[in-house]
Amino acid sequence: MTNRQSNIIFYSIISLIIAAFLIHNYNSDFFDTFTKSREELIIKKAMHNAEYTQALASYKIIVTENISRGDEYSAKTAALYEEMANLYSLLGFREKEVAYYLKSITIKQQLKKVNLYLFANTYYKLGSLAEDERDYDQAQIYFEQALSTRLGNVNQPIEEDDGMFLGMQKTRVKYLKLNHVDTIATYKKLGAIHRLKQQNAVAKGYYEKALAASKNTFGDDNVKTLEIMALMKDLQL
């Protein structure tokens, strides 16, 4: 290869890189046509225009395609069902919203690997929906499932042969799980549910856990911590 040919190739590559950079920065949607399917592009436009029924139709097509490819029980399909549940919520179809969250749960229960935080959030959403319907027994079940999914086996002791570094990691993960804002929210929900069911001793236990976690996360004088203290004080009246 001659020097002239090498220079042509080199400068051609540089030109392509610069062109790609400019397109990405000044017309970021350009690459969407290559990386997204037709239905995904329709969904993007429909969501931008608040055309939720149109977006749902495209989601259904994508799910059907996934199932035909044998991807019915996959994390991707579970995520699609979650997005469809959100759309049904926006459209005011409560029963459909619940149904699609349950579809997502069914898939997640069969996956070997799943994002436990997202899994717990789905249970939490179902608990909130049941609470809105005043189905407190079902709400309690969902909130308990959200809590157990989020925390996992946090009470498992640190093994001596884990080593100092791994032991510190596990301790840190346990601390983060117990003091996560979503864990606090779930403790409060369970406290409220048991209070409504006049099970004050159980409610107090959940509020105490929420309070301890809130102090660790937000501080003693934070408004969120003070709100939990007020709930406990009111419970004792």
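For this chain, numbers begin at 1 and follow the sequence in order.
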Q. Taking 4.0 angstrom as the limit, do E97 and K125 come out as a salt bridge?
A. no
Q.
I'd like to know whether E144 forms a side-chain contact (heavy atoms from CB on, under 4.5 Å) with Y123, so could you lay out the CA-CA distance, the side-chain angles of the two residues, the decisive distance to 0.1 Å, and finally the verdict.
A. CA-CA 9 Å; E144 287 173 346; Y123 277 126; over 6 Å; no
Q: Carefully, step by step, assess V63 and M84 under the rule side-chain contact (heavy atoms from CB on, under 4.5 Å).
A: CA-CA 10 Å; V63 168; M84 292 172 74; 4.0 Å; yes
Q: Give every residue pair that meets the salt bridge (Lys or Arg N to Asp or Glu O under 4.0 Å) criterion with at least one member in residues 183-192, sequence neighbours excluded.
A: E131-K189
Q.
Could you check whether any side-chain heavy atom of I105 comes within less than 4.5 Å of a side-chain heavy atom of F119, counting everything from C-beta outward?
A. yes
Q. Do you know which of L190, V202, L231 makes side chain to side chain contact (heavy atoms under 4.5 Å, CB included) with R195?
A. L231
Q.
Once rounded to the nearest 0.5 Å, what's the spacing between atom OG of S214 and atom CG of D220?
A. 9.0 Å
Q.
Test of understanding: with salt bridge (Lys or Arg N to Asp or Glu O under 4.0 Å), list the residues that count as partners of D182, not counting sequence neighbours.
A. R150
Q: Locate the shortest heavy-atom distance separating T186 from A146; write the atom from each residue and the value.
A: CG2-CB, 4.4 Å
Q. Listed by chain and number, what are the ring-ring contact (aromatic ring centres under 6.0 Å, His included) partners of Y59, not counting sequence neighbours?
A. none
Q | L196: side-chain contact (heavy atoms from CB on, under 4.5 Å) partners, not counting sequence neighbours | A | Y136
Q: Kindly compute the distance separating CG (N66) from OG1 (T77), expressed to the nearest 0.5 Å.
A: 4.0 Å
Q | Side chain to side chain, I62 and I43, heavy atoms closer than 4.5 Å | A | yes
Q) Taking all non-hydrogen atoms of both residues, which atom of A78 and which atom of S104 are closest, and how far apart? A) O-OG, 3.2 Å
Q. Distance from E95 atom CD to E133 atom CD, nearest 0.5 Å?
A. 8.5 Å
Q: Have a look at Q140 and tell me which of Q199, Q145, K197 forms a side chain to side chain donor-acceptor pair (under 3.5 Å) with it.
A: K197
Q: Report the distance from atom CG of D137 to atom CD1 of I193, rounding to the nearest 0.5 Å.
A: 9.0 Å
Q) Who passes salt bridge (Lys or Arg N to Asp or Glu O under 4.0 Å) against E227, sequence neighbours left out? A) none
Q) At their closest point, which heavy atom of K177 faces which heavy atom of T183, and how far apart are they? A) O-OG1, 2.7 Å
(Q) Once rounded to the nearest 0.5 Å, what's the spacing between atom OG1 of T53 and atom OH of Y88? (A) 9.0 Å
Q: Check side-chain contact (heavy atoms from CB on, under 4.5 Å) between I61 and all other residues, then give those that pass, not counting sequence neighbours.
A: E39, E65
Q: For residues T225 and G219, report the shortest heavy-atom separation together with the two atoms involved.
A: OG1-O, 2.7 Å
Q. Does some side-chain heavy atom of D71 sit less than 4.5 Å from a side-chain heavy atom of I67?
A. no
Q: Quick one: list whatever passes side-chain contact (heavy atoms from CB on, under 4.5 Å) with N179, sequence neighbours left out.
A: Y175, A213, N216, T217
Q) Which salt bridge (Lys or Arg N to Asp or Glu O under 4.0 Å) pairs, counting each pair once, include a residue from residues 107-119, with sequence neighbours left out? A) E82-K108
Q: Specify the closest pair of heavy atoms between I228 and A210, including all atoms of both residues, with the distance to one decimal.
A: CD1-O, 3.6 Å
Q | Selection residues 45-64 - residue pairs positive for salt bridge (Lys or Arg N to Asp or Glu O under 4.0 Å), sequence neighbours left out | A | none
Q: Of all the heavy-atom pairs spanning A55 and A46, show the shortest one and how long it is.
A: N-CB, 3.8 Å
Q: Applying salt bridge (Lys or Arg N to Asp or Glu O under 4.0 Å), name anything that partners K76, two or more places apart in sequence or on another chain.
A: none
Q: Compare all side-chain heavy atoms of H194 with those of N200 and state whether any distance is below 4.5 angstrom.
A: no
Q | Test item: T106 side-chain N/O and L102 main-chain N/O as donor-acceptor pair under 3.5 Å | A | yes
Q. Mind checking what makes ring-ring contact (aromatic ring centres under 6.0 Å, His included) contact with F218, not counting sequence neighbours?
A. none
Q | CA sep, side-chain torsions, deciding dist, call: Y207, Y187, ring-ring contact (aromatic ring centres under 6.0 Å, His included) | A | CA-CA 6 Å; Y207 283 141; Y187 282 145; over 10 Å; no
**Q.** Residue pair Y101 / N86, side-chain donor-acceptor N/O under 3.5 Å
**A.** yes
Q: May I ask you to check whether Y124 and F143 place their ring centres under 6.0 Å from each other?
A: yes
Q | R69 atom CZ, neighbour heavy-atom count above 12 within 6.0 Å | A | yes
**Q.** Qualifying residues under side-chain contact (heavy atoms from CB on, under 4.5 Å), relative to D221, sequence neighbours excluded
**A.** none
